[in-house]
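Chain letters run A, B, ... following the sequence lines, proteins first and then strands; every chain starts at 1.
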There are 2 protein chains.
Amino acid sequence: MDIQMKRGLLDVCVLAAIKDEDSYGYKIIKDLKPYVELSESTLYTILKRLETARMLTVRSAEHDGRLRKYYHITQAGVGRIEDFKNEWKEVVTIYQFVRKEERHE
Amino acid sequence: MDIQMKRGLLDVCVLAAIKDEDSYGYKIIKDLKPYVELSESTLYTILKRLETARMLTVRSAEHDGRLRKYYHITQAGVGRIEDFKNEWKEVVTIYQFVRKEERHE
DNA sequence: ACGATATACATCGTAACACGAAGTATATAG
DNA sequence: CTATATACTTCGTGTTACGATGTATATCGT
């Protein structure tokens, strides 16, 4: 997928990935893989950003001797998803505009 | 609309706006206004970029004593629109993923 | 026993991009 | 005669996705 296109989608994808159940970095990447690919550096940047924006909270836990940071969505995070869904209508309108501009003759 | 979301859409919108008929800066902004708002600085940056990428060609013409630069789409530009339409399927899949992650109970 | 692979997180620098601000210049409407 | 619309240009800035690189432990195959 085009890198520019991702910019409007990745934040919400990450939030959606942790919405129903707390998750951690590596798992988020794997869960999202069928839909969108993102590198570790990208994900951790996003997680940091969403934490700063208070859209998620973090809790560290040990698992098999390794550190894991579990991310939990906040109300603001849920709101961000809702905003995206509202914005989606505009995006569809743009898509239809792009389609419509074609001559079908 | 969210600025990040625009990143994946604006180039294609501009190309769609000139696809059926050559157009110029001010007109493009007005034509796109119902779908997406973009400032002059943004548009001219995009036009320059698309010209460099050979997705459109430019021709200057005088109109009422003022200079106008008319933009004409190239085959590469049309191809860019086609790529967008193919990519659209992936975008819809992502949208559905974001929706599906919600509890409906 | 040991190397390869998977898991897991972190940081740095870079390039692309949308935008506000500011500027130049002419035509038209009130 | 002034305000607004038309029309294009340049500069600086903040946001962002990514590759590269680094640290560290667990597990699997031979």
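Where A:Gln4 and A:Tyr70 each meet DNA chain C at their nearest nucleotide, the meeting point lying more 5' is that of A:Tyr70. The nearest heavy atom of DNA chain C to A:Lys69 and to A:Arg7 marks one nucleotide each, and the one closer to the 5' end goes with A:Lys69.
When side chains are defined from C-beta on, B:Lys6 does not count as touching B:Thr42, because their heavy atoms never get closer than 4.5 Å. In this structure, the side chains of A:Lys19 and B:Val98 stay at 4.5 Å or more apart for every pair of heavy atoms.
Taking atom CD of B:Glu40 as the reference point, atom C1' of D:dC11 lies 15 Å away to the nearest angstrom. Atom CG in B:Leu38 sits roughly 9 Å away from atom C1' in C:dA18 (whole-Å rounding). Atom-to-atom, CD1 of B:Ile29 to P of D:dT9 comes out at 12 Å; the value is rounded to the nearest Å. Between A:Leu10 atom CG and D:dT16 atom P there is a gap of 11 Å when expressed in whole angstrom units. Straight-line distance from the CG atom of B:Asp11 to the P atom of C:dA18: 6 Å, rounded to whole Å. What separates CG of A:Leu67 from C1' of C:dA6 is a distance of 17 Å, to the nearest Å. Separating the NZ atom of B:Lys6 from the P atom of D:dT15 is a distance of 16 Å, rounded to the nearest angstrom. A:Glu62 places its CD atom 13 Å from the P atom of C:dC9, with the value rounded to the nearest Å.
Separation of atoms OH (B:Tyr71) and CD1 (B:Ile28) is listed at 7.0 Å; rounding is to 0.5 Å. Atom CG in A:Asp22 sits 9.0 Å away from atom OH in A:Tyr70 (nearest 0.5 Å). If you take CD1 on B:Ile73 and CZ on B:Arg80, they are separated by 10.5 Å, rounding to the nearest 0.5 Å.
Considering only side-chain atoms of B:Ile3, the nucleotide from D:dA17, D:dT6, C:dA18 that sits closest is C:dA18.
Salt bridge present: A:Glu82 and A:Lys85 bring a charged side-chain N and a carboxylate O closer than 4.0 Å.
Between B:Tyr95 and A:Trp88, the ring planes lie parallel to each other; the angle is under 30°, not in the 30° to 60° tilted range.
In this model, the phosphate group of D:dA7 is not approached by any side-chain N or O of B:Lys27 to a distance below 4.0 Å at OP1 or OP2. Contact between the side-chain N/O atoms of A:Lys30 and the OP1/OP2 oxygens of C:dA6 is not found at any separation under 4.0 Å. Put simply, A:Arg49 has a side-chain N or O that comes within less than 4.0 Å of OP1 or OP2 on D:dT16. The side chain of A:Arg66 contributes no N or O atom lying less than 4.0 Å from OP1 or OP2 of D:dA26. Residue A:Tyr24 places at least one side-chain N or O closer than 4.0 Å to OP1 or OP2 of C:dA8.
Near DNA chain C, meaning a heavy atom under 4.0 Å away, the residues from residues 41-48 of chain A are A:Ser41, A:Tyr44.
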